[in-house]
Amino acid sequence: MLYRLFGIPLLRGDKQIMHDGVKQYKYVSPPLSILEKLFLESFWNAWVNIYPMWLAPNLITALGGLCMFISTILIYTFSPSSIGSAPNWVYLLVAFLMFLYQTLDGTDGKQARRTKAGSAMGHLFDHGTDAVVGSMFAIWMADITKFGWGHPLPFIFIPMAQGAFFLSNMVPLHAGRQVFFLIDVMESEWATIIGLFLTGVFSPSMWSYGVPVPDSVTHFSHEWFGLPFLDVRTIILTACILQAFTSNLKYVYYAFVKPYFLTTERERVSAGVVIGRPGSGLLNCMHQMATIVTYVSLNTLSWIELWEVGYNPMVGLTVPMDIFGALPLFVLSVFGFGGLALSLLSCYVSRVPFPLLHYTIICHGFYFTNLDPLQGWVSAGVCLICYCLFVYQLINTITDALGIRLFLIKKKTV
């Protein structure tokens with residue numbers, strides 16, 4: 001009952017539903033994006049042959065996540081105010097680590113099929129890791145572009161990107177199969193890798209070069225972004241926000257409009273949708289969309305409110321905020337969204353219902369009501385504890401149901 005209300009904890013009844021649901025999970029391969037078609041798929045097919053047959057797919061996923069955690073620690077150790085003050089070698093190393101993460105992320109599923117170790121646990125662990133680390137490299141944008149923690153533009157992009165991730169994972173639940181576009185996640189990751197590499201070669205100041213524009217545009221830039229001129233970073237981040245916004249609209253169409261208003265029930269069944277599955281159906285779809293809209297709104301407004309505390313758009317930063325001042329909201333943005341995404345993924349792979357009022361929304365709402373430091377740390381702490389507890393229960397329940405180990409390949413009996 002508590003899980004169905006707040007998303008935590010999993011009690012005996014919820015575990016039994018999950019125990020039975022994961023055994024009915026079936027993998028459906030998504031379409032390929034343009035870079036996957038051009039070279040990534042061939043590269044990953046060659047790379048996966050390097051792995052020994054005993055290497056568990058989930059361990060590959062975990063190593064990829066570790067690359068991103070190390071990258072985040074590097075960036076905010078050397079640039080705590082997130083204003084591009086890290087040495088150039090840090091950005092070059094982070095570019096390499098992100099390339100390694102993408103390679104590991106692209107080959108864990110191939111290793112699962114190669115070793116016949118694919119499972120619902122692998123799907124959850126892979127996408128759950130992506131939800132957490134994807135939020136991290138979105139947050140790096142503040143440092144790479146030298147906007148810092150005190151400017152709202154990078155942090156409008158973060159919840160927009162998270163919204164697109166959440167909605168994209170609603171699509172298989174309601175339409176039967178994941179939808180990817182020709183320009184999708186892999187292309188965004190490669191753009192980030194190239195951006196990190198260029199930042200390491202030329203330093204973050206390269207993104208601050210002014211762009212010759214009419215005076216009216218310069219006035220708009222000064223009024224809205226606190227910049228005396230329009231520069232490369234503002235154009236790039238504005239384009240990223242617009243791209244994320246259009247992706248949200250596309251996924252709303254594929255997860256909500258098309259399956260419930262433009263497709264018959266027979267067509268949905270033939271596409272792989274399980275009618276009556278907990279979490280699916282028109283009302284559940286509307287509830288999930290309302291949840292992610294609430295999260296995106298709270299997260300965006302929280303970053304903007306934090307920005308207003310330390311930023312005057314007419315004169316620039318008054319008190320540069322460092323990682324410690326923004327850490328509670330950082331934790332809520334990364335692990336709060338991670339928990340939200342895991343609850344949605346659990347609907348798809350294990351058929352447990354989506355929580356009515358997710359603990360992430362409660363913690364975020366508590367934080368947003370007042371930017372008091374103590375209240376912020378309490379909100380972030382409760383959210384992180386709930387996330388860790390849910391992950392622990394989720395892993396134990398599913399591995400027990402499938403008779404597998406998270407980081408070991410089950411030996412086949414003859």
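The residues of the chain are indexed from 1 along the displayed sequence. For clarity, every value in this text was computed on a predicted model and none was experimentally measured. Computed over heavy atoms, backbone and side chain alike; hydrogens, waters and symmetry mates excluded.
- Asp108 and Thr61 form a side-chain donor-acceptor contact under 3.5 Å, judged by distance and modelled atom types alone.
- Atom CG of Leu97 is separated from atom OG1 of Thr72 by 10.0 Å, given to the nearest 0.5 angstrom.
- The aromatic rings of His127 and Phe165 are tilted relative to each other, their planes meeting at an angle between 30° and 60°.
- For the 3.5 Å distance criterion, the side chains of Tyr367 and Asn299 fail to qualify, holding no donor opposite an acceptor.
- Phe43 CZ: more than 12 foreign heavy atoms inside a 6.0 Å radius.
- A salt bridge links Lys110 to Glu41: one of the charged nitrogens lies within less than 4.0 Å of a carboxylate oxygen.
- Judged purely by distance below 3.5 Å, without hydrogens or angles, the side chains of Gln243 and Ser247 pair a donor atom with an acceptor atom.
- In this pair, His123 and Tyr348 present their aromatic rings tilted. The plane angle is within the 30 to 60° band.
- Residues Tyr91 and Ser203 have side chains not in contact (no heavy-atom distance under 4.5 Å, counting atoms from C-beta outward).
- In this view, Gln102 and Leu40, Trp44, Met186, Glu189, Trp190 satisfy the side chain to side chain contact (heavy atoms under 4.5 Å, CB included) rule, not counting sequence neighbours.
- Using bins of under 30°, 30° to 60° and over 60° for the plane-to-plane angle, the ring pair Tyr251/Phe181 lands in the tilted bin.
- Using cut-offs of 30° and 60° on the angle between ring planes, the pair Phe78 and Trp89 is perpendicular.
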Between Gln375 and Thr369, does a side-chain hydrogen bond (donor to acceptor under 3.5 Å, both in side chains) hold up when you go through it step by step? CA-CA 9 Å; Gln375 188 166 315; Thr369 56; 2.9 Å; yes
